Each structure stands twice: as C-alpha cells, then as structure tokens.
There are 2 protein chains.
Amino acid sequence: MPTTPEQASARHAAPQRVTARRGRTRRRLLDAALEVFAETGFGRSTVEQICERAGYTRGAFYSNFVSLDELFLAMWEERSARMLDDLRAALADVPSAPPREAVQAALAAIPVEDAWYRVSAEFTAHALRNPSLRDVVVAREQAIQDTVLPVVVAALERAGRRVADPAALGHALVAVHDGTAVQVLLEPDAAAVHERRAALFLNVLDAYSTPAPPDRPPTAPPTSPS
Amino acid sequence: MPTTPEQASARHAAPQRVTARRGRTRRRLLDAALEVFAETGFGRSTVEQICERAGYTRGAFYSNFVSLDELFLAMWEERSARMLDDLRAALADVPSAPPREAVQAALAAIPVEDAWYRVSAEFTAHALRNPSLRDVVVAREQAIQDTVLPVVVAALERAGRRVADPAALGHALVAVHDGTAVQVLLEPDAAAVHERRAALFLNVLDAYSTPAPPDRPPTAPPTSPS
DNA sequence: TGCATCGGATACGTTCATGTATCGAAAGCC
DNA sequence: GGCTTTCGATACATGAACGTATCCGATGCA
C-alpha cells in the first residue's frame, strides 16, 4: 500500500490545507526524476540535479520528499501504474484481431522506452536488496498478470484455443517481455529483433494453449494459428 | 576487445617488470568489487568501500585502475567470461540425456546467483547509456549464443528434432533465461517458479524445432519428446 | 646480499552533496 | 483586500569522497 500523499511531506505537523501548486511541483519533480535517473543512474543522481531539471531548488525537494529513496519509489509506482493503464487500453483496442495481428498491435502500442527500462531495471535490482521493495515489485507483477491474462485468455478462446495453466502463461509472458525488451534496446535498429520478439510471443501463446473442443464449431480458420 | 592488463595501470610510463603481488591485489579488488556493487549498487559504491573490503587503502586502487568505471567494466568482463566457461562445462556434462532432464540439469548447473544478477542488471542499464559499453554487451551476448547454440542444436538433433532458425532460438533462449532469472530471484522460495522456468525452456526448445525426417529411423521413443 | 624498481600507504587539499534552519513570497479564506 | 497559512528559496554548517603527490616497505634481479 503506497504512502499517503500527506504523510510524506510532514514538516512539523501535517499541513491543514494543501495548495494547488504543491501538486504541480510534486509532479514536476517526479517527471524530472525519471529523466535524471535514466540519464545518470539512480545511484549517481543527486537531489540538486533533479531540482534543477524541474526548475526548483533543493528546498522544494525536501518539502515534498524525505529522501531520494522515497522519490525513487514514488516515481516508480506512478510510472508503472501508468504503464499498466496504457497496457490495459492497448489491449482493449485490439480485441478481435487474429493472434498474429493482435500481438503486433499490442507490442506496437507498448513501445519499449529505454528511459523507463533503464530506470526499472535499476529499481528491480535495488528492490532485490530491500525486502519491502521486493514485495512491492512482486505485487506489481501480479497486478500486471491480473490485467493481461483475462484479455489474453479470452482472445485465445475466440481463436479456438484453451489455456490450461493461466498462471504459467502469465509468468511466461512477463519473462518473455522483459527478456526481449533488453534485446530490443541493445540493438534498436535491427528489425529482426522486433520480428523475433513478436514470433516468440506467438510461440508462447501457442505452447501454453491447446485446441479447444469446439462447443459450437468455430468458423474454420483459413490458416492455422501457429 | 578488452583492454590489455598493462595499459590499465599506467602511472607515468608502463612499468618494466610486474611483480606477483600486483596480480593478487588486482584480483582481490575485483572480487571485492562484485560484493560491494551487489550490496550497495554500483552508483552508490565508493572506492574506499571496495578497498576496505579487499584489505587495502585507496592507494592500491588508484595504482591499479583509473576510475570506478574501469573497475566495473573489468569486473564484469571477468565474471561474465567465467560464467560462460561454467556454462560450457555444464553443457558438456549433460550431453546425452533426454530434453527434460538435460534442461533441468543445465539449469541446476547454472544457478541464478543474485549478487551477480544485481550487478549485471545494473551493468546492462549502464551500458545502454554508453555506446562503447553497449557494444561490449552485445558482443558478449553473441558469444553466449555461439557457445550455447551448437550444443543445444546437437542435443535436439539427437532427440530427432531439427532447428530451422538457430539465431531465433538463440535469442529466445537468452531472453527466457534473463526474464525468468528475475522471477526466480524475486520469489526465491517458490518451487513453482523453478518448475515454470524449466517448462518454459522446454516449450521454447519445442517451438523452435520440428520433427526431423529420420535419415536412419531412430529408436522409437517410448514417450513423445514434448 | 645488495640494489634498483615497483606498488601500496599516507597525507594532503579540494570539490561536492547533504540536511537543516530561517526567511519571504504566493495562495487560500473570510 | 487584509490576514493567516503554506511552500519553496536562501544561507549555512558538516561530512564524505575524490584525486594527487609523496614516501617507504616489499620484491625481484644479479
């Protein structure tokens, strides 16, 4: 459960009324943090760098956050939640296409952003050192699966396939996503990498589902789904 | 191409004769670096932490390395080369087993070490910011594939399967390895994670190979390979 | 064993980031 | 529009990490 917005900024006592500008500065600091962390790395980033980027001085930072660690966590939670929303929206947009097109559309809608990748890779590594952060990451991955799986399972069913072990498929999809994201970023210009990525997703979808006994005979597919 | 050992330690001119203890200190610094980076994170680690851990003062460090970045690179190259050797050895040990056992044996032989994972995740993120480091990482991944693929392809052939696109299989295996390694570290006690990991590897091996037309009819397998 | 070179320890000075305490301007309430 | 509260700016003190210049014990060679 994330920290409530009030308690984070406690100076002496919690402020009785919160002004509008506070929200703006907090947002700008969070945005600046992503950029700075991505460019410099979390460990090398300083409070002043972030404030400068956001257009403030350190006073603004210490009025809004206790430490860089707290900002790091807040930023990660916000961005990863946003990414999850984007994912949800992208999946809702391409519900009825056949598997191959659906996968390509979904991958195109969730571009691999290298700034975010760098930051989240570092955050994951950081979380492995800190039990409470570790739990946060695990919970987020669970949320991702809870979002993705129903859509994917439904889409596969429309294509006449049944998923025997949804949890296994969920983990496999996440692993493939993460693993191939690195490859995409390492060789950003290679079209082959993107194709292999999409192909791997398709293979996984195929491997984790079986042709369902047609309750009502489905429209015979012109090409086999594999 | 890694830097030659001499040029790294140039003080005024390259030393004419190199003593034995220099090798020891360099090694201890490299070993200490892995530990410290894993515990503290690369960006937060200091020269003094590493020297203290290794049992030296900063003088030893600056006599052997120019900067923390150089040490980071040297350490990564050494460890990842060592890991590649271990992998080679592990693959050589289990050549003739059927796919399922072979995969499990290989995964057991290459345990997911969290210290190394943390460090290499950070290194990868770091490399994405630095073109020359990026090339180093790409080259290393290529080397891994060149090591793994022949063995895997041969093993599959013994099992009566042919690999159509070895490069695609190589990338898929690396992606799956990296992606599932995180999951293993995030939930170290869950046996299910390990099983899903092995299953995913098997699925990939299966998806990227096809039953080969038997040149000589193979001994009929009692159970199907999948 | 004596001697020249090497390699790590020590001792600087400097820079940089941190966190706090205080001040003044902007924002909300009447 | 005056008054109070909030919030970010400023100033300051402190500590930590850096990199270098120098010194002296260790090491290898004859």
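Note that the structure is predicted; figures quoted are calculated from it, not measured.
Where B/Arg44 and A/Ala60 each meet DNA chain D at their nearest nucleotide, the meeting point lying more 5' is that of A/Ala60. When each of B/Thr46 and B/Arg17 is assigned the nucleotide of DNA chain D with its nearest heavy atom, B/Thr46 is the one assigned upstream, toward the 5' end. Residue order along DNA chain C, read from the 5' end via each residue's closest nucleotide, puts B/Gly23 first among A/Arg24 and B/Gly23.
For the side-chain contact (heavy atoms from CB on, under 4.5 Å) test, residues two or more places apart in sequence or in another chain that qualify with B/Ala115 are B/Ala38. Under the ring-ring contact (aromatic ring centres under 6.0 Å, His included) criterion, B/Phe42 pairs with B/Phe37, B/Phe72, B/His126, sequence neighbours left out.
One atom, CZ of B/Arg26, and another, P of C/dC6, lie 17 Å apart when rounded to the nearest Å. Put simply, CD on A/Glu48 is 16 Å from P on C/dT15, counting in whole angstrom units. Residue B/Leu29 contributes atom CG, which lies 9 Å from atom P of C/dA9 at whole-angstrom precision. Note: CZ (B/Arg28) to P (C/dG7) measures 15 Å, nearest angstrom. When rounded to the nearest whole Å, the span between CZ of B/Phe61 and P of D/dT20 equals 12 Å. Note: CZ (B/Arg22) to P (C/dG7) measures 5 Å, nearest angstrom. Taking atom CZ of B/Phe65 as the reference point, atom C1' of D/dC18 lies 17 Å away to the nearest angstrom. Atom CG in A/Asp69 sits about 14 Å away from atom C1' in C/dT18, given to the nearest Å.
Dashed line: the shortest gap from a side-chain N or O of A/Thr19 to OP1 or OP2 of D/dC7 is under 4.0 Å. Side-chain nitrogen and oxygen atoms of B/Asn64 include at least one within less than 4.0 Å of the OP1 or OP2 phosphate oxygen of C/dG8. The side chain of B/Tyr62 contributes an N or O atom lying less than 4.0 Å from OP1 or OP2 of D/dG19.
A salt bridge is defined here as a Lys NZ or Arg NE, NH1 or NH2 lying under 4.0 Å from an Asp or Glu carboxylate O, and A/Arg53 with A/Glu35 meets this definition. Using a 4.0 Å cut-off between charged side-chain N and carboxylate O, B/Asp206 and B/Arg100 make no salt bridge.
Remark: A/Gln145 CD is packed, more than 12 non-hydrogen atoms of other residues, nucleotides or ligands lying under 6.0 Å away.
If you check distances only, the side chain of A/Arg58 does reach the base of C/dG19 with a donor-acceptor pair under 3.5 Å.
Out of C/dA4, C/dT18, C/dG7, the shortest distance to the side chain of B/Ser63 is found at C/dG7. Taking the side chain of A/Arg21 as heavy atoms from C-beta on, and the options D/dG8, C/dA4, C/dA9, the nearest nucleotide is D/dG8.
Nucleic acid contact for B/Thr57: base, since at least one base atom lies under 4.0 Å from a heavy atom of the residue.
B/Asn130 and B/Ser132 form a side-chain donor-acceptor contact under 3.5 Å, judged by distance and modelled atom types alone. Side-chain polar atoms of A/Asn203 and B/Tyr208 form a donor-acceptor pair below 3.5 angstrom.
Comparing the helix axis at one end of the helix from C/dT1-D/dA30 to C/dC30-D/dG1 with that at the other, each defined from 5 consecutive pairs, gives an inter-axis angle of 30° (nearest 10°).
Rounding to the nearest 0.5 Å places CD1 of B/Ile144 at 11.5 Å from CG of B/Leu149.
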